[in-house]
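Just follow the structure's listing: the first ligand is 1, and inside any ligand the first atom is 1.
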Amino acid sequence: MLIKLRAKIRFPDSGLELQWARICLLLLMFVSGPASAADTPAQPAPSLLTVEVRGRIVCLSEEMRQSYGANVPEKHAHDYGLKANDGKYYSLVRTASSEALLTDTNLLSRTLILKGRVFPKTQLLEVVGNVHTVRDGKVYELFYYCDICAIKSSIPGPCMCCREPVHLVEESVK
Ligand SMILES: [Zn+2]
Ligand SMILES: [Zn+2]
């Protein structure tokens, strides 16, 4: 519309016309406003600092029922997450490193040390690397082991090679 307007108005002085074109362009930019979110290219993922959190695995829903009376039925699918020693709760991003924490109830009573990344504006923790546990002041690395294949894994359940059950190992860290 603004461009059409410009076309109709003719100035004898070409310099003036150029000026008018500039004003139209400015007006057009002002009217259209800043570029919408869809126009901006996707930002590269910011590099996040690795954190170390100590705590234990709890059912987050049950914790919210106990603390705030959340309407959680007695029978429910547990949603496991980390309750840190400082009282903060973290949901765990599902990866090979967190799979055991989300599924193996043998880990529920232990004090764990998780290293990973917490994503901006969330309490979502991505566990990176191996899970450690603390017992009597000593630190142990937790993993699963298949005696038949001599394979170490972070994932419980059948061995990825022979499909036989693996067992949980606590190996003391020097
Ligand atoms: Zn539960
Ligand atoms: Zn095996």
With Val118, the side-chain contact (heavy atoms from CB on, under 4.5 Å) member among Leu49, Leu125, Leu124: Leu125

If you define the side chain from C-beta out and look only at heavy atoms, does anything of Leu168 sit under 4.5 Å from Tyr144? yes

Are the side chains of Met160 and Ile155 in touch, meaning some heavy atoms are under 4.5 Å apart? no

Metal site angle (apex the Zn ion (ligand 1)), NE2 from His76 and SG from Cys59, 10 degrees: 120°

Note: OE2(Glu62)-the Zn ion (ligand 1)-ND1(His78) angle, rounded to 10 degrees, equals 90°

Angular separation of SG (Cys146) and SG (Cys162) seen from the Zn ion (ligand 2), to 10°: 110°

Looking at Ser154 and Ala96, would you say the former's side chain and the latter's main chain have a donor-acceptor pair under 3.5 Å? yes

